[in-house]
Novice: 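There's a structure below that I have some questions on.
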Amino acid sequence: MAYDWDKARPPDSLRFFESKWAKRSDPLAYSGVWRFRELLPFAAPESVVTIGEGQTQLQCADAVAKFVGVKPGRLFLQYEGMNPSGSFKDNGMSAAFTHARAIGARRAACASTGNTSASLALYCCVTGLMRAVIFVGSGKIAYGKLAQALDYGALTIQIAGDFDDAMQRVKQVSQRLGIYLVNSVNPFRLEGQKTIMLRVLEALRWEVPDWIVCPGGNLGNASAFGKAFAELLELGLIPRVPRLAVVNAAGADTLYQLYHVRGVRWNDGEPDAAAIDGFFADMDRQKRRAETIASAIEINRPVNLFKCLRALAVCDGVVREATDQQIMDAKSRVGAGGYGCEPASAASVAGAKLLVEEGVIGADERVVCILTGHQLKDPTATVAYHTTDQDQFNKVLGSRGVKRAAFANRAVEVANDLDEIIRAIQLYS
Ligand SMILES: *Cc1c(COP(=O)(O)O)cnc(C)c1O
């Protein structure tokens, strides 16, 4: 989506947005998305749909910095789990809803690994503007997310297949029935997600960090972040762009394979189509399917692949992959020293650690890792990591190649006896 900035007349300094802080009773100034609406000027102010999304925090997390290998004060966690539905998806959903209402849509659909559906279901039930139809792969959705969709009253279609199967079906169905599609193929969602970067800059008093590190699934975030920085640079609102690191799960590493291993680049809008088509043809022939504990990024064919290649070009990007072992260990460190996150989010921290070990990220650099979703989204993974029950560990994590829970905080089992309880507390604390 390209704007005519001469017409939109954006502010000439990012400090302009500080004027909104005194107007919290105005929903447009309160929303962490719409207080930046001058930078996503596709909607008239009176048409905006908001439920108060984007009240998120940039946490300076020294305990996590130590794990990652950067100096104290240099590692920041952008905690998007604080959104109304518990993930960053709400940033984009408010923008998509704004557009959907403008065109008079009555039903909205998505395929989802869980968080898009939770967000869609929430916006539908709170605003009453549309009916939610969500498609999920069977057994592929974390319980916290499924619980949300059901509780919020969405029509939930569970199909035999994974995310990519659900995605294909929802595209067909929404075309046939004229249902509004809110997956991140929807460009308005990316407009809303740009504001995650604006809030990062805001929290850093408008200073540009050295690195933005995010998990890569459908690559909507990476694409939106690149677009945000390209526009800010074009408008003269920032002096330089940060570098961007996108981190795949090793079990769902399409971008890593294409960008890092095969060297596919944006190439001024003409990426190597033969290399990309060949990669997917191999994937189909070998029947390779994404498989990772980080279910939110368990995706074979990222829908925003091209836009992400552009973002990587804009931000001198790198792509890495993290194993489920690395992801779960990083997640436990975030849980112990940050506000907590779900497995997919921890790919950002695991990736940052890898890049520090490689010397790509320096220990002095300012690094912002995006924590995309709330800790309580996937309690199964968290409990399996910390459990003393080997069967449960094996079923959830061992089956995905996780060998040990290096940072497990195991519950202490004690008889229901006061003396024994007191002895245990004195022994372990
Ligand atoms: C959707 C989602 C992702 C993937 O984001 P993309 O923009 O599709 O790459 C990562 N983490 C969580 C928690 C998500 O819900």
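When a ligand or atom number is given, it counts from 1 through the structure's own listing order. Counting from 1, the numbers follow the sequence of the chain as shown.
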Novice: At under 4.0 Å between heavy atoms, is it the side chain or the backbone of Asn218 that contacts ligand 1, or both, or neither?
Specialist: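 Looking at Asn218 and ligand 1, atoms from backbone and side chain both fall under 4.0 Å.
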Novice: Could you check whether Arg265 makes a cation-pi contact with Tyr259, meaning its NZ or CZ is under 6.0 Å from the centre of the six-membered ring and within 45° of the ring axis?
Specialist: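 Checked: cation-pi criterion met.
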Novice: Report yes or no: is the cationic atom of Arg199 (NZ for Lys, CZ for Arg) closer than 6.0 Å to the six-membered ring centre of Tyr79, at no more than 45° off its axis?
Specialist: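 No - Arg199 does not lie over the ring of Tyr79 by the 6.0 Å and 45° rule.
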Novice: Considering non-hydrogen atoms of the protein only, which is the closest contact for atom 6 (P) of ligand 1, and what is the distance?
Specialist: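 Here the closest protein heavy atom is Leu219 N, 3.5 Å.
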Novice: Who passes salt bridge (Lys or Arg N to Asp or Glu O under 4.0 Å) against Arg107, sequence neighbours left out?
Specialist: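 Arg107 satisfies salt bridge (Lys or Arg N to Asp or Glu O under 4.0 Å) with no residue once adjacent residues are dropped.
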Novice: What orientation do Trp206 and Phe17 show, parallel under 30°, tilted 30 to 60°, or perpendicular over 60°?
Specialist: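 Answer is tilted, since the angle falls between 30° and 60°.
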Novice: With heavy atoms of Glu342 as the reference, note each atom of ligand 1 found under 4.0 Å away.
Specialist: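 So the answer, numbered in order with elements, is 13 (C).
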Novice: Specify the protein heavy atom at minimum distance from atom 5 (O) of ligand 1: its residue, its atom name, and the distance to 0.1 Å.
Specialist: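 For this ligand atom, the closest protein heavy atom is Phe88 CZ, 3.5 Å.
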Novice: State plainly whether the residues Asp162 and Arg289 are in salt-bridge range, i.e. N to O under 4.0 Å.
Specialist: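 A salt bridge links Asp162 with Arg289.
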Novice: Test your reading of the model: is there a side-chain donor-acceptor pair from Lys194 to the backbone of Glu231, 3.5 Å cut-off?
Specialist: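 Not confirmed, Lys194 side chain does not pair with Glu231 backbone.
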Novice: Less than 4.0 angstrom from a charged side-chain N to a carboxylate O is my criterion; do Arg301 and Asp164 meet it?
Specialist: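 No salt bridge links Arg301 with Asp164.
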Novice: Please write down residue, atom name and distance for the protein heavy atom closest to atom 4 (C) of ligand 1.
Specialist: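 Protein heavy atom at minimum distance: Ile297 CG2, 3.7 Å.
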Novice: List every atom of ligand 1 that sits less than 4.0 Å from any heavy atom of Lys89, numbering the atoms from 1 in the order shown and giving each element.
Specialist: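 Every atom of ligand 1 under 4.0 Å from some heavy atom of Lys89: 1 (C), 2 (C), 3 (C), 14 (C), 15 (O).
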Novice: Got the closest protein heavy atom to atom 7 (O) of ligand 1, with its distance?
Specialist: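 In this structure, atom 7 (O) of ligand 1 has Asn221 N, 2.8 Å as its nearest protein heavy atom.
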Novice: Nearest to atom 11 (N) of ligand 1 by heavy atom, Thr372, Asp378, Asn248: which?
Specialist: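 Checking each option, the heavy atom nearest atom 11 (N) of ligand 1 is found in Thr372.
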Novice: List ligand 1 atoms under 4.0 Å from Gly373, heavy atoms only on the residue side.
Specialist: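 Once the distances to Gly373 are compared, the set is 13 (C).
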Novice: Under 3.5 Å, N or O to N or O, is Asn115 touching ligand 1 that way?
Specialist: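 Yes, since at least one N or O of Asn115 sits under 3.5 Å from an N or O of ligand 1.
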Novice: Within a distance under 4.0 Å of any heavy atom of Ala344, pick out the atoms of ligand 1 and give their elements.
Specialist: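 What qualifies from ligand 1 is 11 (N).
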Novice: With heavy-atom distances below 4.0 Å as the criterion, list the atoms of ligand 1 near Gly220.
Specialist: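 Those qualifying, in numeric order: 6 (P), 7 (O), 8 (O), 9 (O).
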Novice: Please report whether the ring centroid of His386 lies less than 6.0 Å from that of Phe407.
Specialist: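 They do not qualify: ring centres at least 6.0 Å apart.
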